[in-house]
Amino acid sequence: MRLASGHVAVQLHGEELAKIQRDFAGFGKGLVRLTPGGWVLPGPFTKYADKIYNTKFHEGDVVIMTYPKCGTTWTQEVVWTMRNNPNLDHPKASIPIKARSPFIDSDMLMHMGKGAPRNELLEMVRDILPDPDPDKGIALQLTANLPDPRTIKTHLPLSLMTPDLLDTAKVIYVARNPKDVVLSFLHHCRLMKSVDYVGSLEQYVDYFVQDQLIYGPYWEHLREAWPQRDHPNMHFLFYEDMKANPKAEMKKLDRFLGTNLTEEQLEKIAHYTSFEEMKKRDEDYYEKNANKGLKQEVKTKEGGFYRKGEAGSWKGRLTEMQEAKIDDWTKKNTVELGIKFKYSV
Ligand code: A3P
C-alpha cells in the first residue's frame with residue numbers, strides 16, 4: 001500500500017510476524033514495515049497515516065518529536081507548563097498531560113489489539129470533543145479541536161509528517177541514550193496491557209538492535225532529525241542534559257519558545273516538572289481514577305510509568321553480551337551520523 005508520504009507499507013507475515021505476536025500479545029492486528037526507512041508500525045497505522053501526514057500545523061504549534069521513552073512526557077509537561085501555566089495556577093493543570101497535549105499518532109495504538117479500544121482519553125476530553133466520530137480517530141480529532149497554542153506529541157519520524165512541518169511549527173526533538181531507552185521501553189511494553197510483552201530482556205535487546213520494535217529503526221529516527229538541529233524552528237534536546245541541569249535546558253527552551261519567563265518562574269517550573277513531582281501528581285490522579293491500562297503485577301514489582309527517571313540506570317542491568325550488542329550497533333550507526341550520547345550524568 002502506497003502512503004501519501006511516498007512510503008510503501010507492507011504487512012509483516014510468516015515466521016517474523018508469528019514470533020513478534022508470540023512475544024507481544026497486544027499486536028493482534030499485525031504490523032507493517034515501510035519502505036524507505038524500514039519503519040515498523042502497528043497494522044492500523046495505514047488507516048491514519050495519510051490523515052497524519054496531511055495534517056496542517058498552525059504557526060504557534062509546538063511538536064514534541066521523540067523515539068519512545070526518550071522523555072516525551074517530561075518535555076510535554078515542561079513545554080505545556082512554560083506556555084500555559086507559568087505561574088502554576090492553571091485550573092486544568094491536574095488533568096493528565098495526554099489530554100492537554102495530544103499524541104497525534106496514538107489512534108493506531110488504541111486500535112492495535114483485537115479487543116475494543118479503551119476510551120479513557122475520551123472521558124478526559126469530553127469538553128473539547130463532546131461528540132467525536134469514532135472512525136476518524138480520537139487523537140486526530142482532539143488535535144484538530146484543541147485551541148491554540150497547541151503542544152503536540154508524536155513518535156513518528158520527520159518523513160512521516162507533513163514536509164512543511166518545520167516551515168510552520170516549532171519542533172522539539174528529544175533524544176536519549178539507547179541503553180536507558182531499551183530498558184525503559186522494555187518496561188513500558190511489559191507494563192501496558194495494550195502491548196503485553198511476555199518475552200525476555202535478551203529477546204528485547206535483539207528486537208531493538210534488529211530494528212524490529214515499533215517506531216524504529218531507532219537510529220533512522222535520529223538520522224532524519226539530527227541534520228535539522230540548526231534549523232531555526234528545531235530545538236534538539238537530550239534527556240541526559242535535562243537531567244543534569246533542568247533549569248539550564250529550560251532557559252534554552254524559553255528562548256526557543258519565546259516565553260520570556262523569569263528566573264523565579266523557571267525555578268518553580270523545574271521543581272514542578274521534576275520526576276518526583278510528576279510521579280506524585282500521576283499517583284494522585286490515578287488514585288481517584290483507576291488506571292485500567294496497566295498490568296498491576298508489573299507495576300507492583302518494577303514500578304509504573306514513572307519508573308526510575310534517571311540517566312544511567314541501565315548500569316548493572318544489561319549483561320556484557322547485551323551491552324556489546326548495543327555498543328556494536330551504536331558504533332556502526334554513528335560513524336556517519338556523528339551524534340554522541342552521555343550514558344550517565
Ligand atoms: P524510565 O523508564 O527510565 O524511568 P516517555 O515519556 O518518552 O515515554 O519517557 C518515559 C521515561 O521518562 C521514563 O524513564 C520516565 O520515568 C521518564 N520520566 C518521566 N518524567 C520524568 C521527569 N520529570 N524527569 C525525569 N524522567 C522522567
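We count ligands from 1, going down the list as the structure has it; atoms in each ligand are counted the same way. For this chain, numbers begin at 1 and follow the sequence in order.
There is a side-chain donor-acceptor pair under 3.5 Å between E224 and S159.
Identified under the ring-ring contact (aromatic ring centres under 6.0 Å, His included) test for residues 119-167, with sequence neighbours left out: F103-H155, H155-Y215. Each salt bridge (Lys or Arg N to Asp or Glu O under 4.0 Å) pair with one or both residues in residues 20-30, not counting sequence neighbours, appears once here: E15-R22, K19-D23.
Salt bridge present: D196 and K295 bring a charged side-chain N and a carboxylate O closer than 4.0 Å.
Side-chain contact between L160 and F45: present, with at least one pair of heavy atoms (C-beta onward) separated by less than 4.5 Å.
The salt bridge (Lys or Arg N to Asp or Glu O under 4.0 Å) check on E287 picks up nothing, with sequence neighbours excluded.
Closer than 4.0 angstrom to ligand 1 lie heavy atoms from K69, C70, G71, T72, T73, W74, R176, S184, Y239, T273, S274, F275, M278, F305, Y306, R307, K308, G309.
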